[in-house]
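One structure below.
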There are 2 protein chains.
Amino acid sequence: MAMPTDLKLDPRPLYAQVRELLTRRISSGALRPGAPLPSELQIAADLGVSHGTVRKALDALAIEGLVVRRQGKGTFVVEQTPQDVHFRFFNIYTADGRKVIPDSRETRIKTAKATVVERRRLAIDTGARVVRLRRIRTHGDQPFISETIVIPEARFPGLAEHKTIPNTLYDLYQAEFGVLVVRAEDQLEPVVADKNVSSQLAIAEGAPLMRIERVAFGLDNCPVEWRSSLCNLAGLQYVAHLGQGMAPA
Amino acid sequence: MAMPTDLKLDPRPLYAQVRELLTRRISSGALRPGAPLPSELQIAADLGVSHGTVRKALDALAIEGLVVRRQGKGTFVVEQTPQDVHFRFFNIYTADGRKVIPDSRETRIKTAKATVVERRRLAIDTGARVVRLRRIRTHGDQPFISETIVIPEARFPGLAEHKTIPNTLYDLYQAEFGVLVVRAEDQLEPVVADKNVSSQLAIAEGAPLMRIERVAFGLDNCPVEWRSSLCNLAGLQYVAHLGQGMAPA
DNA sequence: CAGTGGTCTAGACCACGCG
DNA sequence: GCGTGGTCTAGACCACTGA
């Protein structure tokens, strides 16, 4: 709770320093998912800054989705539920605008040395090992996505030995490994089904598929997952929102 | 500048009322694109609220992209340039991560009574007329997108008579018609090229294409444009960002 | 230099959740 | 009733812009 390297020699605004300090406490695991942060007045007193400065830092964390504020109760480290994950990171809708809720089957896990592509996508070193997870996702019992998920073994020790893997992964990442996914980038490309995937998804060769490649980022802004999916949308649609809260890079 | 219906009977927070009042002044055209807003202290004095309250309202408008703040100079109504539009609303990248800068050719314009689909997408009434704009977009002289753009004639009177149509439209919408696009929703779907589009884009029938349908929304949160594009991405990628917020310090 | 937005403070009161 | 976050005020000082 005490002052770390003390304040005024840092040229950045105070609220930015407070924000970063709290971010570190969360990413380090000192504040667990679901845990309450100290109250605004408490933090202000601890750090020797004013109420308003702490508020500005907490508001920023709330906007980033790192923290949840509840009037009358307190401020809590976000605890991703399968519903949260699905709401924030799943973008496929039916023609009448309802979100698709997929299931998973035939999940297989292996570990291996990372390939060149995997190392580049995940920004990891030569020789590092990864966990590869392959599965088929279904919508109303129809298989429609074949996906491969790759994560660095160093961040997820022991995941490959898990007996059962849940349908949504990001809540598992947070609860079991303290890895909070806050942002992701999808790259989309239309392709035609080859022989291999057409048998997996029970469709004709040459049918149009959507290839989605995603890199997901953690609190430290480093990649924590790469996944590549082939989707037989067949009347479903991938929906992207543009223009809200984007700032020039 | 005087107080309109006066403040305290409105149950909403003061800053929200200030924000809405300024939004109305912009969308009504009382404040033109590029025009300076009154200074924070001026607005505070005019409305009889404090500096901080005005600031909170202006910060919100800046985040929404409605307004641009420049330290030492003032706060200005956003003036969309072709570069802004391209940055915020164009999502196609080359394999090595550079944004594609397309050109347009063969632009054709007609007006007509809106079809059922157009009426639903644009939320306009039976019998309303629309302007339809068709064009081919190119990347390095290669045609790669065939698109149809539909806008309600009521919001864009006389656009159909324009001799020349620029490459980016949203800056034209704002400068000529006072329509500011602040948000859009893209629906993506992989398809295969039929005979018609394959000749337009000089590709083989059956080649994989990306179909992108977009509805763009104005300041009043109503749809102002519907566009449907068929894209021969051919190694290019559509990129979508998920989860809010950018990099920690 | 005066005027603008950006940061920070200290304190007030309100609205909510819960015992 | 008490502690929480949510709103609002009044005033201070800094950093930047441009005449």
Side-chain angles (χ1 to χ4, degrees), chain A residues 1 3-4 6-22 25-26 31 34-79 247-248, chain B residues 1 3 6-22 25-26 31 34-79 249:
Chain A
M1 302 288 189
M3 294 293 298
D6 268 282
L7 61 168
K8 295 174 217 236
L9 301 186
D10 194 323
R12 292 177 312 159
L14 264 184
Y15 69 82
Q17 299 177 48
V18 175
R19 174 186 162 289
E20 195 202 327
L21 187 155
L22 293 170
R25 284 201 195 153
I26 294 171
L31 288 166
L37 276 67
S39 76
E40 296 179 352
L41 291 173
Q42 189 63 52
I43 296 173
D46 289 347
L47 301 181
V49 300
S50 86
H51 184 197
T53 299
V54 173
R55 247 190 104 63
K56 189 158 180 176
L58 287 172
D59 284 344
L61 294 181
I63 287 171
E64 294 171 65
L66 235 167
V67 123
V68 177
R69 319 200 69 176
R70 284 200 262 270
Q71 182 171 157
K73 299 188 67 176
T75 303
F76 303 83
V77 179
V78 70
E79 192 169 22
Chain B
M1 302 288 190
M3 293 293 298
D6 267 285
L7 60 171
K8 297 176 214 233
L9 301 185
D10 194 322
R12 293 177 311 158
L14 264 183
Y15 69 83
Q17 298 177 49
V18 174
R19 177 188 161 289
E20 194 203 325
L21 188 155
L22 293 170
R25 283 199 196 154
I26 293 171
L31 288 166
L37 275 68
S39 77
E40 297 178 352
L41 291 172
Q42 189 62 51
I43 295 174
D46 289 348
L47 301 180
V49 300
S50 85
H51 184 197
T53 300
V54 173
R55 246 189 104 63
K56 188 158 180 174
L58 287 174
D59 284 343
L61 294 182
I63 287 171
E64 293 171 65
L66 236 166
V67 123
V68 177
R69 319 201 71 180
R70 284 200 262 268
Q71 182 171 160
K73 301 187 67 176
T75 304
F76 303 82
V77 179
V78 70
E79 193 170 19

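Throughout, a chain's letter reflects where its sequence line sits, starting with A, and its residues are numbered from 1. All values below were derived from every heavy atom in this structure, side-chain atoms included, with hydrogens, water molecules and symmetry-related copies excluded.
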A:Y15 side-chain N/O to C:dT7 phosphate OP1/OP2 under 4.0 Å: yes
Listed nucleotide nearest any side-chain atom of A:K73, set C:dT9, D:dG6, C:dG17: C:dG17
Given DNA chain C, 5'-ward residue of the pair B:Q42 and B:H51, judged by closest heavy atom: B:Q42
Value in whole Å for how far the C1' atom of D:dC8 lies from CD of B:Q17: 13 Å
A:S39 side-chain N/O to D:dT4 phosphate OP1/OP2 under 4.0 Å: yes
Residue closer to the 5' end of DNA chain C, A:G72 versus B:L37 (nearest nucleotide): B:L37
Any B:R69 side-chain nitrogen or oxygen under 4.0 Å from OP1 or OP2 of C:dG6: yes
Heavy-atom pair with the smallest gap, counting every atom of B:G34 and B:F76: O-CD2, 3.7 Å
Value in whole Å for how far the C1' atom of C:dG3 lies from CZ of B:R70: 16 Å
Distance in angstrom units between B:L14 CG and D:dT7 C1', rounded: 8 Å
Spacing of A:L58 atom CG relative to C:dC8 atom C1', expressed in whole Å: 16 Å
Evaluation steps, side chain to side chain contact (heavy atoms under 4.5 Å, CB included), between A:L14 and A:L47: CA-CA 10 Å; A:L14 264 184; A:L47 301 181; over 6 Å; no
Candidates C:dC8, C:dG5, D:dA10 - which lies nearest the side chain of B:E40: C:dG5
Among D:dC8, D:dA15, C:dA15, the nucleotide that comes nearest once only the side chain of B:Q71 is considered: D:dA15
Gap between atom CD of B:E40 and atom CZ of B:R69 - 0.5 Å precision: 4.5 Å
Atom-to-atom span, CG of B:L47 to P of D:dT7 - whole angstrom: 18 Å
Interatomic distance where CZ belongs to A:R19 and P belongs to C:dC8 [whole Å]: 14 Å
Heavy-atom pair with the smallest gap, counting every atom of A:A57 and A:V18: CB-CG1, 3.7 Å
A:L21 CG to A:I26 CD1 distance, which is reported to the nearest 0.5 Å: 10.5 Å
Below 4.0 Å: OP1/OP2 of D:dT7 and any side-chain N or O of B:K56: yes
Touch class at under 4.0 angstrom, heavy-atom based, for A:R55 against every strand present: base
Phosphate-side-chain proximity, A:T75 and D:dG5, N/O vs OP1/OP2 below 4.0 Å: yes
Length of the line joining A:I43:CD1 and D:dG5:C1', which is rounded to integer Å: 12 Å
A:V49 side chain, from C-beta outward: closest of D:dT9, D:dT4, C:dT9: C:dT9
Side chain to side chain contact (heavy atoms under 4.5 Å, CB included) assessment of B:I43 paired with B:V49: CA-CA 8 Å; B:I43 295 174; B:V49 300; 5.9 Å; no
C:dT9 phosphate, OP1 or OP2, under 4.0 Å from A:T53 side-chain N/O: yes
For atom CG of A:L41 and atom P of D:dC2, their distance in whole Å: 16 Å
